[in-house]
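All figures in this text were calculated on a predicted structure; none of them were measured in a lab. By convention in this document, chain letters (A, B, ...) are assigned in the order of the sequence lines, proteins followed by strands, and residues within each chain are numbered from 1.
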Number of protein chains: 2
Amino acid sequence: MGVRKAKAEETAAALKEAARRQFVERGYLNTKITDITAAAGRATGSFYDHFASKEDLLQALLADLHGHAHDRLAGEDHPPHDLTDRDQLREHLAVAWHLMRDNRPIMIALFEQAMAAGPGAGELWRRLTEDTWVLREHLEHLRETGHPLPGDPELVAAAMGGLLSMLAYALFTGGPKSGRSDDEVIDTLTRLLLHGLAGPGSPPA
Amino acid sequence: MGVRKAKAEETAAALKEAARRQFVERGYLNTKITDITAAAGRATGSFYDHFASKEDLLQALLADLHGHAHDRLAGEDHPPHDLTDRDQLREHLAVAWHLMRDNRPIMIALFEQAMAAGPGAGELWRRLTEDTWVLREHLEHLRETGHPLPGDPELVAAAMGGLLSMLAYALFTGGPKSGRSDDEVIDTLTRLLLHGLAGPGSPPA
DNA sequence: GTCTATATACAGATAGAC
DNA sequence: GTCTATCTGTATATAGAC
């Protein structure tokens with residue numbers, strides 16, 4: 001790779017890093033192109049030498065994320081887990097939770113983008129079902145092995161995903177300063193989703 | 001009330017009604033002032049004779065909603081309910097669900113507005129806790145009477161609220177055309193929140 | 001009170017010098 | 001490749017006639 005190209009890569013990286021910071025500070029929608037270039041210490045026009053639009057930059061951030069996720073998950077098996085097992089359910093929730101925490105800028109951006117797309121686009125439902133296909137498959141497996149579910153796997157999976165993403169967004173964006181620990185949240189959700197409000201000791205209806 | 005004032009009220013009402021339609025069609029953020037006035041068959045400038053801004057109009061819609069809600073709920077008692085009772089839990093979920101369905105334009109607008117406020121504002125967490133204070137109180141009552149909860153009442157209530165609002169938004173805005181019935185959703189959520197994924201018959205850990 | 005016409009503001013995007 | 005300067009489109013809001 002030549003020096004010129006290396007410098008270009010450096011600028012692109014600086015813009016992406018600046019964008020990440022701005023998205024967390026101002027949110028995706030409120031972040032202007034000039035906010036990003038200013039934060040990166042570059043001129044406004046330089047932005048378009050690397051990205052066609054803010055949307056394009058977001059896709060680049062997303063591609064980076066997928067790359068890293070692939071690195072970390074490479075080689076890992078993903079056999080049918082039993083979501084009625086406390087430890088396995090907790091592990092699923094923990095992985096999702098930490099993934100969102102570690103990538104707050106992207107999560108915030110995707111969330112706001114989906115909202116800005118407006119209704120009619122059906123973006124939220126699409127993403128909710130897409131992002132929870134792992135859960136759905138596990139639930140379908142449970143059903144096939146004779147375990148009764150609260151409802152249709154797609155709906156239950158979407159409900160779980162909605163709960164997770166909504167709570168994560170709310171808590172990560174200026175939630176209680178008192179600071180709930182990740183473990184408290186994950187433990188609470190594990191108990192809620194495993195045995196509900198009635199708790200483990202409750203008798204059948 | 002004079003004729004002049006009556007005409008003004010009529011125009012204000014037409015603008016509000018047009019706004020409701022536009023919010024559902026295009027979303028709150030994508031709806032321009034001119035979209036509202038055009039849909040209402042009025043001139044652009046007339047808008048500002050009745051509302052200071054789009055935000056102001058939304059507050060007016062919200063005030064109408066609160067007025068109606070007050071009418072319907074007037075005189076109703078709201079004693080401490082037992083959320084571990086299937087029928088009472090279902091009733092709570094059903095009321096919330098239908099309230100959101102009957103006021104889709106406002107729900108959509110508030111949702112998008114909260115997102116556009118950006119992080120840092122902490123709007124979503126604030127609304128989530130505010131809108132679920134009824135649930136929180138019931139959960140606190142449960143805890144006081146010795147029933148073990150999955151976690152801190154505020155957190156559990158927020159989780160339930162997030163689940164409900166997220167799923168409602170997703171399903172109401174271009175969700176599956178196949179059309180899930182309200183009852184299917186409410187029944188599923190009732191089962192999920194009452195006994196979790198493990199189901200009612202599961203033994204204590 | 002309602003209209004038409006216009007001013008203001010600003011973000012996105014481009015052109016051309018270096 | 002990066003910069004400065006500028007153009008274009010668009011939404012909000014106002015001014016003034018009727």
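- With a 4.5 Å cut-off on side-chain heavy atoms, A:L83 and A:L193 do not count as touching.
- Under the side-chain hydrogen bond (donor to acceptor under 3.5 Å, both in side chains) criterion, B:E17 pairs with B:R20, not counting sequence neighbours.
- In this structure, CD of A:E9 is placed 12 Å from C1' of D:dG1, rounded to the nearest angstrom.
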Which donor-acceptor pairs under 3.5 Å do side chains of residues 184-192 of chain A form with protein atoms, sequence neighbours excluded?
unit_1: A:E184; atom_1: OE2; unit_2: A:R180; atom_2: NH1; d: 3.0
unit_1: A:D187; atom_1: OD1; unit_2: A:R90; atom_2: NE; d: 2.7
unit_1: A:D187; atom_1: OD1; unit_2: A:R90; atom_2: NH2; d: 3.0
unit_1: A:T188; atom_1: OG1; unit_2: A:E184; atom_2: O; d: 2.9
unit_1: A:T190; atom_1: OG1; unit_2: A:I186; atom_2: O; d: 2.7
unit_1: A:R191; atom_1: NE; unit_2: B:P150; atom_2: O; d: 2.6
unit_1: A:R191; atom_1: NH2; unit_2: B:P150; atom_2: O; d: 3.0

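- Remark: nothing in residues 19-27 of chain A comes within less than 4.0 Å of DNA chain D through any heavy atom.
- The shortest distance between side-chain heavy atoms of B:K16 and B:P105 does not fall below 4.5 Å.
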Check nucleotides 8-10 of chain D for protein N or O atoms closer than 3.5 Å to its own N or O atoms and list the pairs.
none

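- The distance between atom CD1 of A:I36 and atom C1' of C:dA11, rounded to the nearest whole Å, is 12 Å.
- Using a 4.0 Å cut-off between a side-chain N of Lys or Arg and a carboxylate O of Asp or Glu, A:E130 and A:R127 do not qualify as a salt bridge.
- Ion pairing between a basic and an acidic side chain is recognised when a charged N comes within 4.0 Å of a carboxylate O; B:R21 and B:E25 show no such pairing.
- Interatomic distance, A:H50 NE2 to A:L57 CG, rounded to the nearest 0.5 Å: 11.0 Å.
- Heavy atoms of A:T11 sit under 4.0 angstrom from primed sugar atoms or phosphate atoms, though from no base atom.
- For the pair A:L89/A:M160, a side-chain contact is recorded, criterion being any heavy-atom separation below 4.5 Å from C-beta on.
- One atom, CG of B:D35, and another, C1' of D:dT12, lie 13 Å apart when rounded to the nearest Å.
- In this structure, A:M115 CE and A:Y28 OH are separated by 14.5 Å, a value rounded to the nearest 0.5 Å.
- In this entry the distance linking OH of A:Y28 with C1' of C:dA11 reads 14 Å, nearest Å.
- Taking every heavy atom of residues 42-55 of chain A and every atom of DNA chain D, pairs under 4.0 Å involve A:R42, A:A43, A:G45, A:S46, A:D49, A:H50, by number.
- For residues 89-127 of chain A, the set of pairs meeting the ring pair (Phe, Tyr, Trp, His ring centres under 6.0 Å) definition, not counting sequence neighbours, comprises A:H78-A:H92, A:H81-A:H92, A:H92-A:H138, A:W97-A:F172, A:F111-A:Y169.
- Using a cutoff of 4.0 Å between basic side-chain nitrogens and carboxylate oxygens, B:E10 and B:K7 are not scored as salt-bridged.
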